[in-house]
Amino acid sequence: MDEQALRIALDTLWVLLTGFLVFFMNLGFAMVESGLCRAKNTVNILAKNFIVFAVSSLAYYLLGFGLMFGNGSPLAGTQGLVAVLGADNSPATGDAYRGVYAALGWTGVPLWAKFFFQLVFCGTAATIVSGAVAERIRFPSFIVFSAIICAVLYPVTGHWIWGGGWLATRGMLDFAGSSVVHSVGGWAALAGIVVLGPRIGRYKPDGSPKPMYGHNMTIATLGVFVLWFGWFGFNPGSTMAVNAAAIAHIAVTTNAAAAAATLTATATAWLLLGKPDLSMILNGCLAGLVAVTAGCAFVSVPSALAIGAAAGIIVVFAVVLFDKLRLDDPVGALSVHLAGGVFGTLAVGLFADKGLAAAIGTDAPALSSGLLLGGGLRQLGAQALGVLCVAVFTFGLALVVWLLIKAVMGVRVPRAEELRGLDIGEHGMEAYSGFQIFTNM
Amino acid sequence: MDEQALRIALDTLWVLLTGFLVFFMNLGFAMVESGLCRAKNTVNILAKNFIVFAVSSLAYYLLGFGLMFGNGSPLAGTQGLVAVLGADNSPATGDAYRGVYAALGWTGVPLWAKFFFQLVFCGTAATIVSGAVAERIRFPSFIVFSAIICAVLYPVTGHWIWGGGWLATRGMLDFAGSSVVHSVGGWAALAGIVVLGPRIGRYKPDGSPKPMYGHNMTIATLGVFVLWFGWFGFNPGSTMAVNAAAIAHIAVTTNAAAAAATLTATATAWLLLGKPDLSMILNGCLAGLVAVTAGCAFVSVPSALAIGAAAGIIVVFAVVLFDKLRLDDPVGALSVHLAGGVFGTLAVGLFADKGLAAAIGTDAPALSSGLLLGGGLRQLGAQALGVLCVAVFTFGLALVVWLLIKAVMGVRVPRAEELRGLDIGEHGMEAYSGFQIFTNM
Amino acid sequence: MDEQALRIALDTLWVLLTGFLVFFMNLGFAMVESGLCRAKNTVNILAKNFIVFAVSSLAYYLLGFGLMFGNGSPLAGTQGLVAVLGADNSPATGDAYRGVYAALGWTGVPLWAKFFFQLVFCGTAATIVSGAVAERIRFPSFIVFSAIICAVLYPVTGHWIWGGGWLATRGMLDFAGSSVVHSVGGWAALAGIVVLGPRIGRYKPDGSPKPMYGHNMTIATLGVFVLWFGWFGFNPGSTMAVNAAAIAHIAVTTNAAAAAATLTATATAWLLLGKPDLSMILNGCLAGLVAVTAGCAFVSVPSALAIGAAAGIIVVFAVVLFDKLRLDDPVGALSVHLAGGVFGTLAVGLFADKGLAAAIGTDAPALSSGLLLGGGLRQLGAQALGVLCVAVFTFGLALVVWLLIKAVMGVRVPRAEELRGLDIGEHGMEAYSGFQIFTNM
C-alpha cells in the first residue's frame with residue numbers, strides 16, 4: 001500500500017470516528033430534553049428524539065444530501081439528487097475529482113464516508129427543534145416536520161454555505177455549522193414555538209412566567225456531558241481530513257469556549273438570579289460550544305475563550321428575554337442554538353485570524369481577519385449577510401411548513417392530553433412505572 | 001518508519017478503537033435491561049450486566065479464544081488453547097503468518113489486538129442472555145452460565161464460522177455476527193427461558209399475558225442509543241483493517257438498517273397495537289442492527305434498508321408470538337437477537353451482491369450473490385445450513401447446561417424473594433433509596 | 001505527503017481520540033458520585049462535577065501546564081509558564097525538539113494535542129476530590145480548591161514524575177498515573193475529608209457507622225461503565241503515539257485488571273458482608289483500573305490479573321478501614337483512588353518485566369524488573385520513594401489549602417442546609433421535580 005492509500009485510509013477513519021461521535025450527540029439531545037421536561041411527557045420526548053434520527057437518515061438519503069452537495073445552481077443542488085446515486089469518483093480530490101458532488105471534492109474519502117458525516121450533522125439540526133416544541137406537539141406532526149427539515153430546509157441553506165452556493169461565493173464562512181446546523185435548527189424551532197404557543201399554565205394571566213421544573217437533572221447533566229464529548233467529533237471532525245495542527249487546535253478552541261461559557265454562565269446566573277442555577281450552567285456550556293463552532297478553526301485560543309465567555313453571558317439573558325416574549329422553549333433551545341449560533345457566526349467576523357488559519361492549514365481564500373484583529377468589516381459583513389439570509393429563509397419557510405402541518409393534520413395535542421401527559425395520550429405507556437409521581441405540576 | 005509499519009499502526013488503532021465501542025455496548029445492554037424491568041430487581045440486573053463482562057474476560061482468556069481461533073479440527077481449536085499462549089508471529093499476515101491462530105492470520109495487527117476485539121464480541125453474546133432470564137434467576141447461577149457460554153458454547157460455533165471450521169468450508173458467511181454472536185446469545189437465552197419458566201404473575205390462569213412495565217424508559221432509551229453507537233464499532237470494526245471503501249460502506253448500511261427498522265417497527269406497532277409503543281420502537285432499531293450485521297459488508301444501501309425494514313416488522317410480530325408461546329422474555333431478547341439474528345443470516349442469501357463486495361474489497365471466495373440478485377440458492381442454502389446447525393448445537397447444549405445448573409445449584413430465586421424483588425434477596429440493597437416505589441406491580 | 005507527516009497525523013489522531021475518551025470520564029465520575037449519594041444533594045453534585053472541568057481547563061491553561069511540563073528545575077517548571085505561550089517547535093521530537101516543554105519532546109504531535117491530553121488528565125485528578133467531599137461542602141469553596149489543585153498541586157508532583165523532575169531522575173515510573181493522577185486526587189481528598197468532618201448522622205454516638213444509601217444505583221453503574229470505557233483512553237492513550245504492540249498490550253492489561261478486580265471484590269464482599277454488594281462490585285472494578293494504571297505498559301497479562309485481583313480485595317478492606325477511622329467518604333474515593341493508586345504504584349516494583357517492556361517498545365532506561373520477577377528491590381524502592389514524597393507533599397499542601405479556604409470563606413454548608421439538602425440551599429432547585437422522595441434519610 002502506498003502513501004496515498006494510507007492517507008485515504010487515515011482520513012476515512014477520522015471522518016467515520018468523528019461522525020460516530022456526532023451521531024452520539026443524539027443521545028445527548030434526548031437526555032437534555034427529557035431531563036429538563038416533566039416526567040409525564042418523557043416517553044413522548046424519548047420517542048421523538050429517537051425516531052428523529054431514523055427519519056433524518058431516510059430523508060437525507062432520499063433527497064437532502066443531493067440538494068445540499070449536488071452540483072447545479074447557487075441556490076440548490078440539481079444533480080445527483082436522489083439516493084446518493086450521482087456519478088462520483090471519490091476519494092479522488094481536487095482536479096482529479098469527477099462527479100456531481102464537487103462541493104465535497106476537497107476531501108479525500110469515499111462518498112459514503114462523506115454522506116455519513118454530513119448525515120449526522122443534518123440529524124443534529126433536526127433534533128434541535130425537538131426540545132423547543134416539547135410537551136405539547138403531536139407525535140406524527142413532529143415526524144412530518146422532521147422529514148421536511150432534513151429533506152429540504154436544512155439542505156438548502158447548507159448548499160448556500162457548504163455546497164458551493166451563493167453565500168459561500170460572498171465569503172461567508174461557517175467552519176462546523178454555527179449557522180448551517182445550529183441557527184437553522186433554532187429558526188425552525190422558533191417558528192414551531194410561534195405556531196404552537198406556550199404550554200398550558202406556563203404564563204400566568206398577567207404574563208409573568210411560571211417555572212416548570214425538569215424532572216431529572218441527573219439525566220440532563222448526562223446529556224450535556226455527552227454533547228460536549230460529541231462536539232469533539234463535530235468541530236475537529238469537520239476538517240474531514242487528519243491535518244494534525246488543525247485538529248489539535250480545534251479540539252482546544254472548542255474546549256476553551258465550552259469551559260469559559262460554563263464559568264461565565266454560572267457567574268451571570270449567580271449574580272442575576274441569586275444562585276448558580278444548574279440548568280443555566282449546562283445551557284451556558286452548550287452556548288459556548290455552539291458559538292465557537294463557526295470559528296473554531298480560524299480563531300486563537302484566547303479568542304475562543306472570549307467567544308465562549310460572551311456566549312455564556314448571552315445565553316442567560318436570552319433565556320430571560322425569550323421568556324419575556326412568552327416564547328415558551330422548555331429546554332432553552334433558542335437561547336443555546338439560535339442566540340449562540342447567530343453570535344458565533346458573527347464572531348468569526350470579529351476574531352478570525354488569517355495568519356493563524358494559514359499556519360494551521362485551515363485558511364480559505366474567502367477568509368479575512370476579523371474586526372478585532374484589524375481586518376476591518378469585510379468578514380463581519382459577509383457573516384451578517386449570512387445570518388440575515390438564513391434567518392429570513394429558514395424562519396419564513398419553517399413557518400409555512402408548520403402552518404401547513406397545523407392545517408392538514410393538527411400540531412398540538414388536546415388540552416386534556418397535555419394536562420394528563422403526552423405519554424399516555426400519544427404512546428399508551430408511562431416512563432417510570434411504579435414510581436410515585438405528581439403529574440399536576 | 002516505513003509504510004508497512006504505518007499500515008499496522010493504523011489497523012491496530014482501528015481495531016482497538018472499534019473494540020472500545022463494542023465494549024461500551026455492555027453499558028447499552030445494562031441500561032436496556034434495567035429500564036425495561038421493574039425497579040425492585042434493578043440492583044440485580046445491574047450486577048449481572050456488570051459482572052458478565054468480567055467473567056467473559058477471564059473465561060475467554062483462559063479457554064474460549066483458543067477454542068475459537070486455535071488451529072486444529074473443523075469442530076474446534078485444539079492448539080494454543082489456554083491463556084492465548086500459542087505460538088504466533090502477528091502482525092505478520094497471509095503466507096508470512098506462523099502460529100496457531102491461523103484463522104486470524106488475515107488481519108495485520110498484534111495478537112493482543114485480535115484477542116481484545118474478539119473478547120468484546122464474546123462478551124456481547126453472553127450479555128444477551130441476561131435480559132431474557134431477568135427478574136427471576138439466581139445471581140450465582142447466572143455467573144456460572146456466563147462462564148460456560150464464554151468458555152465453550154460461543155467459541156465452538158464461532159470456530160465453525162469464523163475460526164476456519166466446517167461451516168466456513170461450506171460457504172456460510174456471517175460478516176459481523178448475526179449468527180455467531182446474536183443468534184447464539186438468543187438460543188442460549190431461549191434455553192434459559194424454557195428452564196426458568198415465566199415470572200410469577202406474567203401469564204394469567206387463562207394463558208393471556210399480563211404486561212409488566214419497565215420502570216425507566218429514559219434509561220432504556222439511553223441504552224439503545226449506546227447500542228446503536230456501539231454498533232458502529234461492531235460492524236465497521238469487523239473489517240479488522242482500515243479498508244476505506246469497506247468501512248464507509250458498512251457504516252452506512254448499518255445505519256440504514258437501523259433507521260428503516262425503527263420506522264417500520266413504529267408503523268407496525270401503531271397499526272397493530274393502536275399506538276407507537278416506545279419499547280417497540282427501540283427493539284425495532286435493535287432488530288434492524290442485528291439483522292444487517294451478517295450482511296453489512298455484502299449488501300447495497302437499498303438492500304440494507306430492505307433488511308432493516310423487514311426486521312422492524314418481524315420484531316413486533318415476534319414479541320407477540322413469543323408471548324403467545326408463554327416464553328417470558330422481559331426485554332424482548334429473543335425477538336431482537338434470535339429472530340433478528342436468524343433473519344439477518346438468511347438475508348445474506350437473499351441480498352448479497354458479489355460485485356459490490358468485490359468493489360469495496362470485502363469479497364470472499366465462498367460468497368455468491370443472493371437469490372434476489374440472481375445468484376440462485378447457493379448462498380441461501382449455506383446460510384440456512386448454518387442457522388440450523390447453530391440452532392441445534394447451541395440450544396441443545398445450552399439446555400443441558402441450564403438443566404445441570406438447576407440440578408446442582410438451583411436456577412430460580414425463591415417465590416418470596418421474586419415477589420419482594422431480587423435486590424434485597426440477592427444483594428441486600430435497593431436501587432433507588434429514598435424514592436417512593438410500588439413494588440407489588 | 002510523506003511518511004513522517006503521516007506518522008504525525010496518525011499519532012495526533014490517537015492522542016486526541018483517546019483524550020476525548022478521558023474527557024468522557026468526567027461523565028463517569030459525575031454519575032458515580034450522583035448515584036452513590038442521596039437525592040437531596042444531586043443538583044449540587046452534578047454542578048460540582050460539571051464545573052470542575054471548566055475550572056480545570058482554565059487553571060491548567062493559565063498556569064498548570066507550564067508548571068508541570070515547562071523546562072526549569074527538578075521541582076517545577078519555570079519556563080513557558082503562562083497560557084502555553086512558551087517557545088515550541090512540536091511536532092519535532094528528540095534532538096530536533098527546540099522549546100521549553102522538553103519533557104514532552106518525545107511525542108511527535110502538535111503542542112495543542114499535548115496540552116489537550118494532559119489537560120484531561122489534570123481534570124481527572126480534580127474530579128476525584130469531588131466525591132470525597134460530597135454532601136456537605138460549599139459550592140464556591142469546592143470551586144476554589146479545584147482551581148488550586150489544577151493550577152499548582154497536581155502540576156508540581158506531575159513535574160517530579162512526568163515533567164523530568166527529581167523523582168523521574170530517581171527512577172520512579174508511573175506509566176499512566178496511578179500516582180500522578182489518582183493518588184494525588186486521593187491525598188487531596190483525604191485532606192478535604194479531615195477538614196470537613198463526616199456528614200451529620202453518618203456515625204452514631206458510639207462511633208459505629210450508619211450507612212447512607214445511594215439514591216440511584218443505575219446511574220452509579222452507568223458511571224462505572226463509562227469510566228471503564230474511558231480508561232481505554234487513559235492507559236493505552238498514554239503512549240501518546242500509535243505503537244501497535246504497546247497499545248494492544250495495554251488495552252488487554254487494563255481490561256484484565258478491571259475484570260479480575262471486579263471478581264475478587266465481588267467474592268470478598270460476598271464472604272465479608274454476606275451478600276455481593278453492588279457498590280463493592282463497582283468500586284472493585286475501579287480499584288483494579290487505578291492499580292494497573294502505573295504498570296499497564298510494563299507488566300504481563302497474568303501480572304495484570306494479579307494486580308487487579310489484589311486491588312479488588314484491598315478496596316473492600318479499605319472501605320471498612322476508612323469507615324473505622326471515621327473518615328466519611330461518600331463514594332469510596334479514598335479506597336479506590338488512594339489505596340488503589342498507592343498499591344498500583346508499588347506494584348510496578350513487584351511485577352515490572354523489563355524484557356516484556358523492551359519487546360513492546362515501552363522500556364525506559366530507568367526501568368528495572370520487579371521484585372517478583374527477580375529484579376530485586378531497585379524498582380520497588382524508587383516506587384516507594386515516589387509514593388512517600390507524593391503523600392507528604394500533596395496531603396500536606398492540600399491540608400493547608402483546605403484550612404485556608406475554611407478560614408477565608410468557610411468550607412461547610414450550614415447544618416440546616418445539610419439536613420434539608422444542598423440542592424435547595426446552594427442552587428435553589430431540586431433534581432427530581434415531581435417525584436415523591438424521602439429526604440430525611
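Throughout, protein chains are lettered first and strands after them, A, B, ... in sequence-line order, and every chain is numbered starting at 1. Just so we're clear, the structure is a prediction, and the values are computed from it rather than from any experiment.
- Heavy-atom neighbours of chain A within the stretch residues 81-92 of chain C, taken at a separation under 4.5 angstrom, are nonexistent.
- Of the atoms belonging to C:A30, it is side-chain heavy atoms, and not backbone ones, that fall under 4.5 Å from chain A.
- In this structure, the portion of C:Y61 lying under 4.5 Å from any heavy atom of chain A is its side chain and not its backbone.
- For a residue to count as touching a neighbouring chain, one of its non-hydrogen atoms must lie under 4.5 Å from one of that chain's; by this rule A:P302 touches chain C with backbone and side chain alike.
- In terms of heavy-atom pairs under 4.5 angstrom with chain A, the leader among C:L16, C:I8, C:L111 is C:L16.
- With respect to chain A, the highest number of heavy-atom pairs below 4.5 Å among C:T42, C:L17, C:I51, C:N216 belongs to C:I51.
- No donor-acceptor distance shorter than 3.5 angstrom exists from the side chain of C:H427 to the backbone of A:L278, with no hydrogens or angles considered.
- Taking CD of A:Q4 as the reference point, atom CG of C:L6 lies at 9.5 Å (rounded to 0.5 Å).
- Ring to ring, C:F435 and A:Y432 are close: their centroids are under 6.0 angstrom apart.
- Under the rule for a ring pair (Phe, Tyr, Trp, His ring centres under 6.0 Å), the partners of C:F50 that lie at least two apart in sequence or sit in another chain are A:F225, A:W228.
- For residues 299-313 of chain A, no residue pair satisfies the salt bridge (Lys or Arg N to Asp or Glu O under 4.0 Å) rule, not counting sequence neighbours.
- Expressed to the nearest 0.5 Å, how far CD1 of C:I45 lies from OG1 of A:T221 amounts to 11.0 Å.
- Contacts of A:A258 with chain C are absent, with no heavy-atom separation under 4.5 Å from either backbone or side chain.
- When all heavy atoms are compared, the tightest approach of C:T12 to A:A248 is CG2-CB, 4.4 Å.
- Under the 3.5 Å distance criterion, the side-chain polar atoms of A:K275 are left unmatched by any main-chain donor or acceptor of C:M429.
- Counting heavy atoms from C-beta on, the side chains of C:P140 and A:W270 come closer than 4.5 Å.
- For the atom pair A:N255 CG and C:L119 CG, the distance stands at 5.5 Å (nearest 0.5 Å).
- For chain C, the nearby part of A:T266 is the side chain; its heavy atoms alone come within less than 4.5 Å.
- Within the 4.5 angstrom heavy-atom criterion, no atom of A:I360 approaches chain C.
- In this structure, A:A259 and C:A54 approach most closely via the heavy-atom pair O-CB, 3.6 Å.
- Taking 4.5 Å as the heavy-atom cut-off, the residues of residues 18-26 of chain C that approach chain A are C:F20, C:L21, C:F23, C:F24, C:N26, ordered by number.
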Yes or no on side-chain contact (heavy atoms from CB on, under 4.5 Å) for C:L46 and A:L282, after CA distance, side-chain angles and deciding distance? CA-CA 10 Å; C:L46 296 165; A:L282 300 177; over 6 Å; no
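- Looking at C:I219, the atoms closer than 4.5 Å to chain A (heavy atoms on both sides) all sit in the side chain, from C-beta outward.
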